[in-house]
Amino acid sequence: MDVCNETGEPRVAEVEVWLTPEAGGEAVARCAQVLQVNPGETAVAHLRFVLEKPALWQAGSPNLYRLHARVTEQGVFTTHLCPAEAPMTDEDSVLFGVRTVQVDPVHGLRINGRTTKLKGGCLHHDNGVAGAVSLYDLEVRKLQALQAIGFNAVRTAHNPPSAAFIEACDRLGLYVLDEAFDAWGMGKQPGDYNQFFDTDWQRDLAAFVRRDRAHPSVILWSTGNEIVERGGLGGGYPLAARLAEAVHALDPSRPVTNAICSYWNGTDDAAAREMAIKILSAGQGALQNAQGDGKGDTGWERRSTPFANGLDVVGYNYMEDKYEQDYALYPQRVMLGTENYAKEIGIHWPMIEKLPYLLGDFTWTACDYIGEAGLGKGMMLAPDDPQLPTMQMGAIQQSGYPWRLADDADLALTGHRLPQGDYRSIVWGSEATALFSYDPADFGKVEVLSRWGFPGVQRCWTWPGAEGKPARVVVFSRAQEVVLLQNGAETARAQAGAATLPDLPLSFVFEVPYTPGKLEAVSYQDGREISRDALETTGAPAALRLTAEGALRADGHSVACVWAEVVDAAGRVVPNAAPALTAGLSGAGTLAGFGSANPITTDNYAAGRCQAYRGRALAVVRGGYETGSATLTVTAEGLPTASLTLAVAPAGGAV
């Protein structure tokens, strides 16, 4: 524990530390230490205590304590202690959990002695239509949705997260790969951190580690992502070791990593030319994160090994093909997939489970975000379209206005699960069946995806004007066999692996005539039904439905998210409805955001107006400091006005 003396005299102080269960109660451990702190200096109090039979923290069992600390001045030390007449005191507390973290190439990652694979997702800092604000309720909502998919870990890509985010991970039981920097001294974008790095990195890195090191959710530190200096330019090799050593000095209990990618930048001119030739000859088209070295060529290893010196875990971005090859070269190396393409999880996860030295995988990305517009988009092109060869080489990821979102995630900007999330959940072991279709208007076309994209299937069986025309139906399932039913009658069946989407094992593809009504997919294992899913043709939009998630307190920070859905007369969400919506809030609260998950939009999330996307929009209502109620009203032309009143409970009281 650090104790700072901001006075002009040498002070002696007593430091007390005690631990209580998070739920409250008597201290379960306590200790104290006395130390002298010279004027203007900081001294470290070393305190040790024994906690008998601790309740361990881990994913699925996030047992927490609260660590309390109190510093009490005793007096000024000259040749002896002169007692203070009015002793100064300072007190603070922090969430705390008891758990161990170990990594090695034989057992991989062990949490509390048990081997664990990281099922991870990369996250940017924003909270969808609410913007960059970090509020505990928003962080919890997002993280719980990820846990429902099967995620047990998140990576704070590529900057320190908010305190609210870390607290939410502590309480929910999610492992955190805590990342400090996206740039060092050599910049990536105008105005990025490189302009401060040389003068500020030591201070900023220390503040980052000191703030988060008491939190049990943090199990790995990362000193950077795709750092330009990774090839040795700018003193990158010794600098990487210095940063790792600085982290170890502040916290020797956790391993340190860095997310290293291929050499699409960060090399001298000769190496850059060599890389470009290899990439273009492989037909990959775009340089960033391309696999230019080729299997068996140790060029990447030759350049990156000095940069990895000092790292406990070597992070690999988009280089799954190198895991086994590199382990043969470096059998003591521990590896982690720090960033990978989402649609390839079904291909690579069996390998991740098999290789003990590989700790897990982090997908890019877990939640959609504002920026890198169209990074994950797809296009449907006719087989003879002259654009097709170019698009297949990666040019598809270039997206102009009005593209806004990355469109590459398991969760939409509004927080609902996308097909990518359903697929990942099934890859990770869910026995659910997930049923989707393509627009019949695109039947016979070729789907071209960005490397960060996912097939454009939809939870929709409402295609007006396509009656009787062929449609592609896609089912995600772990089953041996899937049977497709239309309006109760079997229309098709398929065995696992017979017809799949490219790069997506555990997918089933059917071609059937579009018939309005009910479409069902039933999964069978050893002749036994294990799960089913259904889509229904909806009627015309008939109403707006408002549904709240969360509750409000008069604390200025609590949030309720309200779905605004366009439904038919039977109460079903109309998946192709896109009316203009207007939202207003009255009473004890504010409308903190209102918008849809549409990746191509000019909507202003702060204006209270948006266009519904696939029948939905989301309102974020933030509580103020007054009790009472807040009423949300949403209107759309041609539909009845919808209103929902939310109670605002006293701060700290029951909701």
Side-chain angles (χ1 to χ4, degrees), residues 57-59 62 64 94-97 99-103 109 111 116 118-127 134 136 139-140 142-143 146-147 151-184 193 197 200-227 240 243-260 310-317 334 336-339 359-367:
W57 185 99
Q58 59 193 17
L64 288 170
V94 66
L95 283 180
F96 183 78
R99 55 105 189 90
T100 61
V101 179
Q102 299 166 280
V103 294
L109 170 67
I111 305 293
T116 301
L118 297 178
K119 300 176 179 178
C122 298
L123 293 177
H124 274 316
H125 70 287
D126 67 90
N127 275 299
S134 177
Y136 181 76
E139 304 294 1
V140 167
K142 172 173 60 183
L143 295 171
L146 292 177
Q147 284 183 308
F151 287 93
N152 67 5
V154 287
R155 174 184 175 217
T156 67
H158 305 290
N159 299 280
S162 69
F165 177 88
I166 293 294
E167 180 181 346
C169 292
D170 281 347
R171 294 187 182 280
L172 294 175
L174 275 158
Y175 302 123
V176 177
L177 168 51
D178 214 355
E179 194 155 78
F181 304 120
D182 194 29
W184 292 352
Y193 186 75
F197 181 80
D200 293 359
W201 76 262
Q202 289 172 300
R203 181 187 64 189
D204 290 346
L205 188 66
F208 163 66
V209 173
R210 284 177 175 141
R211 189 199 69 173
D212 290 351
R213 64 187 176 186
H215 293 277
S217 59
V218 178
I219 62 166
L220 275 163
W221 302 111
S222 170
T223 56
N225 169 72
E226 300 189 352
I227 297 299
L243 264 72
E245 290 165 2
V247 175
H248 283 136
L250 291 162
D251 176 24
S253 70
R254 295 175 176 90
V256 177
T257 188
N258 189 292
I260 310 173
L311 298 178
D312 305 296
V313 177
V314 180
Y316 283 64
N317 281 12
V334 180
L336 174 63
T338 37
E339 195 167 311
L359 306 189
D361 175 274
F362 285 83
T363 185
W364 191 268
T365 58
C367 298

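Scope of the values below: all heavy atoms of this structure, side chains included, with no hydrogens, waters or symmetry mates.
In this pair, Phe181 and Tyr193 present their aromatic rings parallel. The plane angle is below 30°, not in the 30 to 60° band. The aromatic rings of His158 and Trp364 sit parallel to each other, their planes meeting at less than 30°, with 60° as the upper class boundary.
Pairs passing the salt bridge (Lys or Arg N to Asp or Glu O under 4.0 Å) check and including a residue from residues 158-168, sequence neighbours excluded, read Glu167-Arg171. Applying the salt bridge (Lys or Arg N to Asp or Glu O under 4.0 Å) rule to pairs touching residues 151-165 yields Arg155-Glu179, Arg155-Glu339, sequence neighbours excluded.
A 4.5 Å side-chain heavy-atom check between Glu226 and Ile260 finds every atom pair outside the cut-off. Residues Leu109 and Ile219 meet the side-chain proximity criterion, which asks for heavy atoms closer than 4.5 Å. Proximity of Leu359 to Val334: side-chain heavy atoms (C-beta onward) are separated by under 4.5 Å at one or more points. Using a 4.5 Å cut-off on side-chain heavy atoms (C-beta onward), Val101 and Ser253 make no contact. Contact annotation: the side chain of Leu146 approaches that of Leu123 to within less than 4.5 Å [non-hydrogen atoms, C-beta and beyond]. Inter-residue side-chain proximity for Glu139 and Ile166 is flagged as unmet; no heavy-atom pair is nearer than 4.5 Å. Contact of the Phe362 side chain with the Leu336 side chain is registered, since non-hydrogen atoms from C-beta on lie closer than 4.5 Å. Proximity of Leu64 to Phe96: side-chain heavy atoms (C-beta onward) are nowhere separated by under 4.5 Å.
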Kindly determine whether His215 and Val94 satisfy side-chain contact (heavy atoms from CB on, under 4.5 Å), including the steps that lead there. CA-CA 8 Å; His215 293 277; Val94 66; 3.9 Å; yes
For Val154 and Leu177, run side-chain contact (heavy atoms from CB on, under 4.5 Å): C-alpha distance rounded to whole Å, both residues' side-chain angles, the deciding distance at 0.1 Å, then the answer. CA-CA 6 Å; Val154 287; Leu177 168 51; over 6 Å; no
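Between the side chain of Trp184 and the backbone N or O of Thr223 there is at least one donor-acceptor pair closer than 3.5 Å. Of the possible donor and acceptor atoms, none in the side chain of Trp201 sits under 3.5 Å from a partner among the backbone N and O of Leu243. A donor-acceptor distance shorter than 3.5 angstrom exists from the side chain of Asn152 to the backbone of Lys119, with no hydrogens or angles considered. Within the 3.5 Å criterion, the main-chain N or O of Ala59 finds a donor-acceptor partner in the side chain of Tyr175. A donor-acceptor pair under 3.5 Å is formed between the side chain of Arg254 and the backbone N or O of Arg213. Put simply, the side chain of Thr338 gets close to the backbone of Tyr316: a donor and an acceptor are under 3.5 Å apart.
Looking only at atom types and distance, the side chain of Asp312 has a donor-acceptor partner in the side chain of His248 under 3.5 Å away. Residues Asn258 and Asn225 bring no donor and acceptor atom of their side chains to less than 3.5 Å of each other.
Counting all heavy atoms, side chain and backbone alike, Ser217 lies closest to Leu174 at CB-O, 3.2 Å. For Ser162 against Ser134, the heavy-atom pair with the smallest separation is OG-OG, 2.5 Å. Smallest separation of non-hydrogen atoms from Lys142 and Asn127: NZ-OD1, 3.2 Å. The two residues Cys122 and Thr365 come nearest to each other via the heavy atoms O-CB, 3.5 Å. Of all heavy-atom pairs spanning Trp221 and Asp251, the tightest one is NE1-OD2, 2.8 Å. Here the shortest heavy-atom pairing between Phe197 and Ala183 reads CD1-O, 4.2 Å.
Summarising the geometry, atom CG belonging to Asp182 is positioned 9.5 Å from atom OG belonging to Ser222; distances are rounded to the nearest 0.5 Å. The CG atom of Asp212 lies 4.5 Å from the CG atom of Asp178; values are rounded to the nearest 0.5 Å.
In this view, Thr257 satisfies the side-chain hydrogen bond (donor to acceptor under 3.5 Å, both in side chains) rule with no residue, not counting sequence neighbours.
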